[in-house]
Amino acid sequence: MPELPEVETIVRSLRNPENDLLKDEQSLRGRSGIIGKTIHDADLRWLRTLATPEPEVFQQRITGQNILSVDRRGKFIVMTLDAGTLLFHLRMSGDLRVESQTQPVQTHDRLIINFVDKQRLVFNDTRKFGRVWLVDEVSEIFANLGPEPLDPKLTGEDLYESWSRSTRMIKTLLLDQSLLAGVGNIYSDEALFRARIHPSTPGRFLTVEKCDQLLAAVREVLEEGIRRNGASIDWVYRGGDFQNYFKVYQRTGEACEICGTPIERLVIGQRSSHFCPHCQL
DNA sequence: ACGAGCGCCTGTCGGC
DNA sequence: TGCCGACAGGCGCTCG
């Protein structure tokens, strides 16, 4: 489930849920802030979930540390500790929740971080693709990450610079985290629809104007996603409702809301792309 | 430099 | 009912 808006929603709720824009109690279920909490220990229930360091080193290094801040970089969740940084990547099915240690452990809980106040942070990940890192320097992990799409300093010209010499399809370029960090399969399809760009357009065919429009569309859909607390589909429910506002994603065969042409699906770069063949050129 | 294919995993859904 | 393939929000690898 998690692309930039879903990760951002989780980060905000971990930071200070009482100030969240979340409207109903449902969305706040099981969530509370973790900033300032002290880690007692960790329970790693699926070995490969921990990318680095070795489990014993992780356990020893994390004990007694305070969580100073919770932030987001691309699709990564970044927790600054007294010494070092704890990073989470949710990949396809990861989720983080905060609850009392008296709650029963759930089926797909992969890493449990217990706090001294008897609360805990739980990394639940059905498909086991998610990863956790404890590092001294985040640059080790972020070295290859592109700019933040919502950074006001980023311009359409910057994207034109990184895309315009490429023969790769724009859909693939949008998903390339080294060029732009945080956009995934849903938001790339939705942004391309809004910018009226066909997903298989080669990067080199895009003008500066098109890049401007696409960046604006990317920001539009990301901001709407954040405003709606992300999208919730399948069995992963978190209270967001952006899925009710998709214009093309997983709407193959349905009428385009602009022109009525059936939405088509095309596999690009091993990922499904949804688009209107009439509106997107 | 690029795309295709596959691995990593579990779960759901539709067709037969 | 059960089995089987397709597919799912991501990303890293190898191989042409």
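The sequence lines fix the lettering, A, B, ..., with proteins before strands; numbering per chain opens at 1.
The CZ atom of A/Arg48 sits 11 Å away from the C1' atom of C/dG12 (whole-angstrom rounding). Distance CG (A/Asp125) to P (C/dG10): 13 Å, rounded to an integer number of Å. One interatomic measurement links the two molecules: CG of A/Leu175 to P of B/dA4, which rounds to 13 Å at whole-angstrom precision. Look at CG on A/Leu174: it is 15 Å from P on C/dG9, rounded to the nearest Å. Rounded to an integer number of Å, the gap from CH2 of A/Trp46 to C1' of B/dC9 is 8 Å. In this structure, CD1 of A/Ile10 is placed 17 Å from P of C/dG9, rounded to the nearest angstrom. In this structure, CZ of A/Phe88 is placed 18 Å from C1' of C/dG10, rounded to the nearest angstrom. The separation between A/Tyr249 atom OH and C/dC7 atom P is 12 Å, rounded to whole Å.
A stacked arrangement is assigned to A/Phe129 and the six-membered base ring of B/dC8, with a centre-to-centre distance below 5.5 Å and an interplanar angle below 30°.
Of the candidates B/dG3, C/dG10, B/dG11, the closest approach to any side-chain atom of A/Thr126 belongs to B/dG11. Distance from the side chain of A/Arg127 is smallest for B/dC9 among the nucleotides B/dC2, B/dG11, B/dC9. Checked against C/dG9, B/dG3, C/dC11, the side chain of A/Met92 finds its nearest nucleotide in C/dG9.
Separation of the A/Tyr187 and A/Phe242 ring centroids falls under the 6.0 Å cut-off.
Going from the C1' atom of B/dC9 to that of C/dC7 covers 14 Å, rounded to whole Å. The same atom, P, is picked in B/dG7 and in C/dA6; the two are 15 Å apart, to the nearest Å. Rounded to the nearest Å, the gap between the C1' atom of B/dC8 and that of C/dA8 is 14 Å.
Looking only at distances, a side-chain donor or acceptor of A/Glu3 sits under 3.5 Å from a matching main-chain atom of A/Ile186. For the pair A/Glu190 (side chain) and A/Lys247 (backbone), a donor-acceptor distance under 3.5 Å is present.
Taking only side-chain nitrogens and oxygens, A/His108 comes nearer than 4.0 Å to OP1 or OP2 of B/dG11. Look at A/Arg168 and you'll find a side-chain N or O under 4.0 angstrom from OP1 or OP2 of B/dG3. Considering only side-chain N and O atoms, A/Lys75 lies nowhere under 4.0 angstrom from the phosphate OP1 or OP2 of C/dG9. Between A/Ser93 and B/dC9 there is no side-chain polar atom (N or O) within less than 4.0 angstrom of OP1 or OP2. A close approach under 4.0 Å does occur between a side-chain nitrogen or oxygen of A/Arg265 and OP1 or OP2 of C/dA8. Taking side-chain N and O atoms only, A/Arg91 has no distance below 4.0 Å to OP1 or OP2 of B/dC8. Contact annotation: A/Tyr187 does not reach the phosphate of C/dG9 (side-chain N/O to OP1 or OP2, under 4.0 Å). One finds a side-chain N or O of A/Lys128 lying less than 4.0 angstrom from the OP1 or OP2 phosphate oxygen of B/dT10. Checking the phosphate oxygens (OP1, OP2) of B/dA1, no side-chain nitrogen or oxygen of A/Arg165 falls inside 4.0 Å.
Side-chain contact of A/Asp125 with A/Ser93: a donor-acceptor pair under 3.5 Å is present, judged by distance alone. A donor-acceptor pair shorter than 3.5 Å cannot be found between the side chains of A/His40 and A/Asn114.
Between A/Arg48 and A/Lys128 the shortest side-chain heavy-atom distance does not fall below 4.5 Å.
Looking at heavy-atom distances under 4.0 Å, A/Gln250 makes contact with sugar-phosphate atoms alone, never a base.
Remark: A/Glu254 CD is packed, more than 12 non-hydrogen atoms of other residues, nucleotides or ligands lying under 6.0 Å away.
Heavy-atom nearest nucleotides on DNA chain B were determined for A/Thr167 and for A/Gln270, and the one closer to the 5' end corresponds to A/Thr167.
If you check B/dC2 for Watson-Crick or wobble pairing at under 3.5 angstrom, you find it paired to C/dG16. Pairing for C/dA8 is with B/dT10, a Watson-Crick or G-U wobble pair whose two hydrogen-bonding atom distances lie under 3.5 Å.
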